[in-house]
Each structure stands twice: as C-alpha cells, then as structure tokens.
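Residue numbers start from 1 in every chain, and the chains themselves are labelled A, B, ... in the order their sequence lines are given, proteins ahead of strands.
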Amino acid sequence: MSSVRVRFAPSPTGFFHIGSARTALFNWLYARHTGGTFVLRIEDTDKERNSEQFLNVIYDSLRWLGLNWDEGPNIGGPFGPYRQSERAAVYSDYLEKLRLAGRTYEKDGAIWFKLIGERSEVFDEHRKKNVTKVKVAPTVIDDQIRGKVERLEDEDFVIFRSDGNPVFHFVNVVDDIAMQITHVIRGEDHLSNASKHVELFKAFGAPVPQFAHIPLILKQNGPGKMSKRDQGALIEEYQKRGYLPEALVNFLSLLGWNPGDDREKMPIAEIIRLFDLPGVNQSNARFDDKKLAHMNMAYLLDLPAERFVALAREYFIAHPASPTITHALAADSRYFHDVMVLSQPKIKGLEELPAYTAYFFTEEFATDEKVRGKVMGKGEPKARLSELSDALVRLDFASDLTIEDGIKNLAAEKGLGFGDYQSVARLALSGTNVGPSITGMMRVLGKDKVRARFDRFLATA
RNA sequence: GUCCCCAUCGUCUAGCCCGGUUAGGACACUACCCUUUCACGGUAAGAACCGGGGUUCGAAUCCCCGUGGGGACGCCA
C-alpha cells in the first residue's frame, strides 16, 4: 500500500448529485491507481442543515457506484471517528494549538483566525461595509492541475461560530492534518478557499497536501454549474431509472479526464490503471445525457443474458406501479426470461422495458392506430394473415429458424415475400411496428397465443 | 465591483508542454448500406482552433491585450 491518502468529504445537506459523485470517483480512482487509501469523511458541522436521510443517500449512492471506502463511517479506521459531528474533542485540541501560537482572537462571540501583517480599515463596495485588511504576501497554491496559483488572502476569518461550532475551513484543514491526507482532490469551486486552507496548514506547522482542483460540471442547458435542482443531476435518479452504475462511472470518468487516446468504453480496471492527475482537464465540461444514454446502451448490450434478465427483474420489482409490471412479475419465470432475452439487443435502457414488452404479458395491449392505418393500407394484409393463421398448424415452433422457414415456404407457395406476412403478423401480435424479430416474438409467445391473437385480429379488423 | 480559473466541431474531447497534422475520435444530426419492423452495426457527409496584436520562415500550439464562459467573495459546506 502506497502512502497516498485521499478523502471524499461530502456534507449531507442535500441529495447526492453528479458533481459530488465525480469528485468522489476521481478521489477513488486516484487511490486505487496509486494503491493508496480512500477515506470517507462526513462534514456535518452545520446541524441546522444536516439530516440522516441525506447521509444514507450518500452511502447508498457511493455503494451503488462501487466506490468503496477504506476508512470512514460504519467501517472505522485508525483516524476515526469519521463524522465531524463526533470530532469536537479533536477540534478543541487544534484550536488550543492555534491559540497558543497567538493566531486566534475573539470578536462578536466568534473565534477568528488571525493573519500576520499590518492592518487597515477599508470600505468594501460589494459587501457595503468596513473590513479590516491585512498586508500580506499572496498565498501560493501549488495545484496538480492548475499549476501555481496566487491568491491574496488578506482578511481574518471566523473559525468557530458564536454558537461554539467550528466552521468548514477549520474542520476541513484540521481533519486533513489529523487524517494524514496527502492529496486534496475537489471541485474548482474550492480553489478560492484553498488560500485560506494553505494559511491554516502553515499556521499549524503542518505539511500542505498536494492540491488538485478539478473542473466543474456545467448544466446541459443554460448558464452555470450543475446543481441539485437541475434535470438529471441526482445519482439516485439514475439508479431508479435502471442505469447501469458501471456505465455511469465510465461516463463520469470521461467528464474532465481522458486516457490520452480515443478509448471511451473501458472496464473499470483499465480506467484505474490509466487514471492520473495530469490527465485531468482544466476546463469545465457540460453534462450530456445523450452520451450517457449511449454509454448505458453499450454496457447493456454487453451484459451476459442471465445478468440482463436479473437486472430486468430487479427493475420491474422496483417499479410495481403499472399493470404491465404486475403482469410481467406474475408471469412464468421461464417466459419472463425469454421475453427479456429477446428484448436485450433492442433497447437502450432498462426503463424502456415495461412499455417495450407489455404485449407479451397481457392480451389487453393497445393497438397503434397510425401503424394500423399504414399496415392495413397496402396490399391485402387480412388475406395474408388469414393464410398465415391457416398455416399455423404445420408451423414448427421449435426455433426462430423453423418458424422463419415455415413462413418463407408459405410465402413461396403464394409467390410472395416474407415481408408480406411480417408486418401484419406483427400488428396482430403486438399492436405496433417496433419490437423484436417476428419469429422470436412468435416463438416466445407460443403457438396458442399467436393463434388466439391472429383470430381475434381477423374477427375485429 | 474585486480576486481566481478556463477557452478546438452543437456537446465530450485528442493535438498544445517540446511550433510544420488533409486539425483525429466519440455523442447528436443527415444520407446511404445491412435488414423481416424497430434497433444494433457499417459507410459517407456536414460541423471547430473566440477576436486582435506580437514572436517566428512558419502559430491551434509560445507571449500580450480584449472578449466570452465559469467560480469565489457567509458566524454554509
């Protein structure tokens, strides 16, 4: 195990969104790439805004994505506890160190961090108030992605609120020191905070970790970074919609990073092998749900049939609302299996499955009137269906191929083509013109259902 | 307003560090092919170096200035 120690430090103040997931992913990838340690630390110092519910969302999402932590809540570790709400003793110890070093003072009931330098009062136009400026040299942030960034940190800032609770900048730095974090990988929105953090590290006499400020994810429409309220922002939404976590992880890893060549779809082991901080981009990336959907489809297509069927069943169980799903789950498991295997190469996402397979599980399926008009509008479809229905007795349902041969023979007898039977049979069987191959559809439905649907269609059409 | 970061097809990006490419790939879009519908797949097309200066024989690449985008400026994290 290498000496690299990274941490993901979310605050349970809202749902877990895509930007947080990507930050967690990059930390995790770096830890796995270097053989280091991935620490999960919960920054729940703001009691007003934290909730257990959100905490569980974080755990669930990380687990779903496969981002396992080596130290953190629930599993512990040598630097625990890993929830800041349980680390009050650590913070008072560190505050004492700072006090002893003469770097703190009290004002308005809060404790402030004192910068060293000549002081002067100036009026801040933007904040509309007087502030005390301290004459200091610019702080240098040595960033693995941005290079050396200089920022003037010239105002004292609060480290303990008047209610006695420490603030983010303080706990973040203290815990990074206490937990011996070597690399701080986080969103670029923290770059402006980094100067405060560097000054704190220096005040503690602690080594400053390597920083890596990664670009932000921008919302796909409109200005600004992606936030909780944006369409498609929440991880649990993808989980609910049946996206494959490995597809989402692959997609997310490519948002702001690339392996340096054209490869996109890569197994996670390969991503781990290739991931490194210098490969991370400097510019923000716009989220693109179409590309994610494409990635998801590619992963779905590659799934072994048994795994696909299992996931389909899981998805159906998780979405019990519709009657289609009730029927599907009530169906014979062999039949369910066959329907899903037939559908796997055709769909882009698991969420399409209920609608795509509905007519397999009920006789009450709707018929698309536009499609009916199209199919019934040319040739003599009723005659064809009637011929096919008559031929059913001698059709061998053993396999798609035997069905295909049977229909081809029939077509040859009549001097017609396969296509003359295909579209009307499909309409009678499914009520639409999209779906799996007609032969596969017939085989899975079975001869009895096929005959019944043909008869009913001929009687009503 | 101040400070910081960034800038290649509509989008994600390769190329930039170390100047010489028909500026490459993917998603999306379009056409065609495959085909038993719909997909998948295949082929093709369109599509970009933000602008202006400089340095240089030569700039997407190096420098400066604009402009644009993003972020930060809390007793939130």
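Partner assigned to B/rA26 is B/rU11, using Watson-Crick or G-U wobble distances below 3.5 angstrom. For B/rG41, the paired nucleotide is B/rC33, the pair qualifying as Watson-Crick or G-U wobble because both relevant distances are below 3.5 Å. Checking B/rC3 for Watson-Crick or G-U wobble geometry (two distances, each under 3.5 Å) identifies B/rG71 as its partner. B/rU55 is unpaired under the criterion used here, namely a Watson-Crick or G-U wobble arrangement in which both key atom distances are under 3.5 Å. In a base pair of the Watson-Crick type (N1 to N3 plus N6-O4 or O6-N4) or a G-U wobble (N1-O2 and O6-N3), with each distance short of 3.5 Å, B/rG19 is matched with no nucleotide.
Base engagement by A/E264 is indicated by at least one non-hydrogen atom pair under 4.0 Å involving a base atom. A/A285 comes within contact range of the sugar-phosphate backbone alone, with a heavy-atom separation under 4.0 Å but no base atom that close. Within the nucleic acid shown, A/G256 comes within 4.0 Å of sugar-phosphate atoms alone, with no base atom in reach, counting heavy atoms only. Looking at heavy-atom distances under 4.0 Å, A/E43 makes contact with sugar-phosphate atoms alone, never a base. Here A/S437 lies in heavy-atom contact (under 4.0 Å) with a base. Within the nucleic acid shown, A/D108 comes within 4.0 Å of at least one base atom, counting heavy atoms only. As judged by a 4.0 angstrom heavy-atom cut-off over every strand, A/R426 is placed among the base-contacting residues. The residue A/N284 sits close only to the backbone: its heavy atoms come under 4.0 Å of sugar-phosphate atoms, none of a base. Residue A/G224 is in sugar-phosphate contact alone, with no base atom involved, counting any heavy-atom pair closer than 4.0 Å across all strands shown. If you check every strand for non-hydrogen atoms under 4.0 Å, A/G435 touches a base. A/H213 comes within 4.0 angstrom of nothing in the nucleic acid, heavy atoms only.
The shortest distance between side-chain heavy atoms of A/Y243 and A/F251 does not fall below 4.5 Å.
In summary, contact between chain A and RNA chain B, defined as any nucleotide atom under 4.0 Å from a heavy atom of the protein, begins and ends at B/rG1 to B/rA77 in the 5' to 3' direction.
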Chi angles and distances behind the side-chain contact (heavy atoms from CB on, under 4.5 Å) call for A/R161, A/V167: CA-CA 7 Å; A/R161 295 195 283 258; A/V167 306; 3.6 Å; yes
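The aromatic rings of A/F157 and A/H169 stand perpendicular to each other, their planes meeting at an angle above 60°, with 30° marking the opposite boundary.
Taking a cutoff of 4.0 Å between a charged side-chain nitrogen and a carboxylate oxygen, A/E188 and A/R146 qualify as a salt bridge.
Here the CZ atom belonging to A/R286 is positioned 8.0 Å from the CG atom belonging to A/N221, to the nearest 0.5 angstrom.
With sequence neighbours left out, A/T139 forms a side chain to side chain donor-acceptor pair (under 3.5 Å) with A/E199.
Nucleotides B/rU13 and B/rU56, compared at atom C1', are 29 Å apart to the nearest Å.
Pairs of residues two or more places apart, or lying in two chains, that qualify as side-chain hydrogen bond (donor to acceptor under 3.5 Å, both in side chains) and include a residue from residues 342-354 of chain A are A/R241-A/E351.
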